There are 2 protein chains.
Amino acid sequence: MPEVAASRRVTSADIAKDVGVSRATVGFVLNSTPGKKISEATRARVLESAARLGYQPNRAAADLARGRSKIILLVLPDRLLGPSMQASLDEGARVLAEAGYALVTQPQARPLGGIPPLWETLGPDVVIGWTTFTPEEVMSMRAAGVRRIRPRPGESARYDQAPGVAEGARMQVDHLHELGHRRIAVAALNDPQMIELQRSRADAAMQRAEELGMETVALRSVDHRDGSSAEAVRIWHDDGVTAVVAYNDDVAATVAGAAIEAGLRVPQDLAVIGHDDSPIASLFVPPLSSIRMDTVEAARYLAAVALHEADGRPVTSTWTALDTRVVARRSTLG
Amino acid sequence: MPEVAASRRVTSADIAKDVGVSRATVGFVLNSTPGKKISEATRARVLESAARLGYQPNRAAADLARGRSKIILLVLPDRLLGPSMQASLDEGARVLAEAGYALVTQPQARPLGGIPPLWETLGPDVVIGWTTFTPEEVMSMRAAGVRRIRPRPGESARYDQAPGVAEGARMQVDHLHELGHRRIAVAALNDPQMIELQRSRADAAMQRAEELGMETVALRSVDHRDGSSAEAVRIWHDDGVTAVVAYNDDVAATVAGAAIEAGLRVPQDLAVIGHDDSPIASLFVPPLSSIRMDTVEAARYLAAVALHEADGRPVTSTWTALDTRVVARRSTLG
DNA sequence: GCGCCCTAGTTGCGCGCGCTACCTAGGGGT
DNA sequence: ACCCCTAGGTAGCGCGCGCAACTAGGGCGC
């Protein structure tokens with residue numbers, strides 16, 4: 001049974017005293033230090049004592065002595081892939097926790113309003129990003145003592161190369177093309193926080209449309225709170241647009257909603273496809289076609305990269321193998 | 001201009017050497033230690049040197065010496081209040097960052113699948129919860145060296161007392177009662193991760209209905225992926241239920257969607273009210289009535305509590321003053 | 001008996017910072 | 001001349017742990 005927690009925390013010295021060995025021996029046992037032989041008998045006594053006394057190593061002291069912390073910071077752009085990604089990350093967090101690492105996720109890539117990035121205040125040992133960081137961000141991390149950064153600075157230059165950005169946008173367009181649409185619009189969101197990501201997705205979509213010989217109309221931002229979505233739908237419809245590529249499922253819902261309110265039929269008068277396959281896509285009436293990425297695999301990959309940086313373990317899967325595909329629903333199929 | 005970062009990090013000893021004073025003096029200046037007078041001239045030289053050399057204090061060392069970390073962990077139940085809460089917390093994070101604290105939020109209260117709670121691996125100085133923690137959780141925190149826990153163990157016993165739990169559920173029922181509904185159903189979600197919270201909200205709703213002399217039917221869990229929502233809607237409608245209180249907006253959308261697909265009119269044949277006023281509530285067609293809490297004020301309060309625990313600053317606002325109200329939309333108003 | 005190696009440990013330093021206790025020069029009151 | 005006070009510092013310990021360098025105590029070949 002664990003003893004009543006005294007005012008002072010249990011340190012490794014307490015265990016040493018309790019067992020009757022030196023503090024170093026305790027450390028060797030608890031850390032299973034390679035290259036150190038400790039007899040099975042002693043090892044057992046140390047472990048028993050640690051459990052009985054309720055020993056928890058002092059993070060600050062361990063970090064200081066080791067010269068690095070055990071925090072891994074994961075930076076996701078926007079709320080890319082949203083709730084499903086979060087859930088999938090649990091598995092990665094579990095694996096990392098087993099190795100003694102804490103996984104902290106920062107949902108938005110670029111916090112606004114003068115909030116210092118988490119890596120400055122947390123002191124993570126590793127920062128993993130979905131996309132590449134800007135040179136300023138890298139400098140800030142380095143100054144804050146972050147030793148390992150992934151993707152490596154300059155490894156993959158921009159959002160365009162990150163999985164699920166250009167890929168998903170192209171698939172949206174391909175899907176509409178296959179269904180016979182020849183004149184499409186791209187809908188974005190009025191959010192300064194993710195201009196970059198939106199821009200990249202929109203560019204990829206436009207480019208793909210051009211490759212396929214489709215016509216596109218100018219990018220428009222919609223917001224369900226003002227009249228912009230209703231206006232956009234009216235303009236598009238008058239302009240002969242038959243389908244809309246939306247930045248994400250919220251935008252798709254906004255557009256589809258505005259179309260329905262305007263008396264148009266979705267998808268007969270205006271088809272809509274979203275991105276990320278978030279809950280709203282399947283809950284909306286009609287259900288929204290969307291792009292789904294294999295978040296489980298993505299999370300597994302990110303965890304593997306993190307463990308590689310932290311522990312030196314080999315990375316098994318690869319980024320580019322990520323499965324991305326269209327989830328066709330009634331908002332395009334009718 | 002900041003110098004090129006050498007291999008070794010800049011320590012306060014480097015500054016001391018650079019300025020020509022002792023390390024203690026550097027510490028006094030950088031921490032503005034109360035009760036220590038340092039001449040303005042020396043202070044300026046230290047600060048200049050720190051900036052020039054790009055000094056960043058070593059968190060681990062500071063934490064060790066201080067005996068406490070500068071991490072504040074915020075535990076939110078479920079994804080209560082979802083994205084809006086997250087956004088509102090930014091302000092709190094900024095204030096805390098100014099005081100040198102890192103705010104880490106853990107979205108779900110009780111992680112599943114053997115993931116150790118973040119407080120074990122992160123070593124936060126303060127843990128703030130939206131609701132009270134279980135005795136086991138408190139013990140686990142204590143063992144992990146967490147010194148300050150809010151709400152204080154035993155301060156407010158259960159979910160029922162947390163703001164936005166019973167309150168919101170009662171308002172949902174009140175709203176339906178005012179609109180003339182007399183026989184209602186309560187819809188939950190099939191998610192083991194938040195049984196407690198759902199149970200509390202459902203209980204509060206049922207109890208309120210009874211107080212108002214309304215009839216209720218048994219609680220049902222719905223899931224849009226199987227046929228359970230369609231079945232629930234059919235049963236409810238056959239049973240004379242005219243309105244549904246949903247655990248959250250996703251559940252409300254599920255129910256409303258199933259009703260529409262079944263050819264019922266929302267709200268004429270079946271009214272639905274959600275909770276949290278998440279994006280889907282306003283994007284759905286018809287837009288869903290919901291419960292909105294003042295997340296800005298909530299976040300401000302949580303930040304104030306955190307700062308109080310960390311810094312000893314007084315707490316100005318109060319928990320109970322939180323503004324919770326119905327956002328009436330077409331899913332109940334018609 | 002002697003030198004050698006191997007096992008199972010121990011001693012002790014260093015990590016970088018917070019902070020208490022101490023020191024010193026100069027000034028003013030008596 | 002003496003003492004005391006204060007501003008403006010300095011010396012150095014302690015935090016708990018990781019780990020390198022060292023060592024006591026055998027077994028073993030020659």
Side-chain angles (χ1 to χ4, degrees), chain A residues 6-47 49-50 53-70 100 123 125 143-145 147 311, chain B residues 6-47 49-50 53-70 100 123 125 143-145 147 311:
Chain A
S7 55
R8 210 175 46 77
R9 281 189 69 180
V10 179
T11 74
S12 66
D14 295 329
I15 299 183
K17 202 177 301 169
D18 182 56
V19 176
V21 295
S22 78
R23 225 190 32 70
T25 303
V26 173
F28 293 143
V29 169
L30 294 179
N31 300 327
S32 331
T33 311
K36 274 293 165 185
K37 306 286 177 187
I38 302 293
S39 72
E40 202 46 57
T42 311
R43 168 181 304 276
R45 284 162 58 219
V46 168
L47 291 175
S49 175
L53 298 179
Y55 171 71
Q56 298 273 138
N58 180 311
R59 280 213 90 75
D63 289 354
L64 178 60
R66 201 185 300 114
R68 32 189 297 209
S69 80
K70 287 235 174 192
D125 185 44
R147 308 167 63 97
D311 255 13
Chain B
S7 54
R8 211 174 45 76
R9 282 189 67 180
V10 179
T11 73
S12 67
D14 296 329
I15 298 184
K17 202 177 301 173
D18 182 56
V19 175
V21 295
S22 78
R23 229 189 29 72
T25 303
V26 173
F28 292 144
V29 170
L30 295 179
N31 301 326
S32 331
T33 311
K36 270 296 164 185
K37 306 287 179 186
I38 302 294
S39 70
E40 203 45 58
T42 309
R43 166 181 305 274
R45 283 163 56 221
V46 168
L47 291 176
S49 175
L53 298 180
Y55 171 71
Q56 297 273 138
N58 179 311
R59 280 212 92 74
D63 287 355
L64 179 60
R66 201 186 300 112
R68 34 188 298 207
S69 79
K70 287 236 173 190
D125 186 44
R147 309 168 62 97
D311 255 10

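All of these numbers come straight from a predicted model, not from anything done at the bench. Chain letters run A, B, ... following the sequence lines, proteins first and then strands; every chain starts at 1.
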Worksheet item: So does B:Ser22 get a side-chain nitrogen or oxygen closer than 4.0 Å to the phosphate oxygens (OP1/OP2) of D:dG9?
Response: no
Practice prompt. Quick one: label B:Ser12 by what it contacts on the DNA or RNA (base, sugar-phosphate, nothing), any heavy atom closer than 4.0 Å.
Written response: sugar-phosphate
Worksheet, complete the sentence: Scanning both residues in full, the closest heavy-atom pair of A:Arg9 with A:Asp14 reads O-OD2, 3.7 Å
Worksheet item: Closer than 4.0 Å, any side-chain N/O of A:Thr42 to the OP1 or OP2 of C:dG9?
Response: yes
Item to complete: Check A:Asn58 against A:Ala61 and note the closest heavy-atom contact, atom names and distance.
Response: OD1-N, 3.0 Å
Item to complete: Tell me what A:Ser39 touches on the nucleic acid: a base, only sugar-phosphate, or nothing, going by heavy atoms under 4.0 Å.
Response: sugar-phosphate
Discussion item. Regarding A:Ala24, tell me which of base, sugar-phosphate or nothing describes its non-hydrogen contacts under 4.0 Å with the strands shown.
Written reply: base
Worksheet, complete the sentence: On DNA chain D, more 5' by nearest nucleotide between B:Lys36 and B:Ala65 is B:Lys36
Worksheet item: With distance as the sole criterion, do the side chain of B:Lys37 and the base of D:dG9 form a donor-acceptor contact below 3.5 Å?
Response: no
Discussion item. Are the side chains of A:Asp125 and A:Arg147 in contact, using a 4.5 Å heavy-atom criterion?
Written reply: yes
Discussion item. Using the side-chain heavy atoms of A:Leu64, tell me which of these nucleotides is nearest: C:dG16, D:dA20, D:dG18.
Written reply: C:dG16
Discussion item. As a test of understanding, state which of A:Val10, A:Val46, A:Leu47, A:Val26 forms a side-chain contact (heavy atoms from CB on, under 4.5 Å) with A:Tyr55.
Written reply: A:Val10
Worksheet item: Considering only side-chain heavy atoms of B:Thr25, which listed nucleotide, C:dG18, D:dC19, D:dT10, is closest?
Response: D:dT10
Item to complete: Could you say whether A:Ile38 or A:Arg23 is positioned toward the 5' end of DNA chain C, judged by the nucleotide with the nearest heavy atom to each?
Response: A:Ile38
Practice prompt. Would you indicate what A:Asn31 reaches in the nucleic acid, counting non-hydrogen atoms under 4.0 angstrom: base, sugar-phosphate, or nothing?
Written response: sugar-phosphate
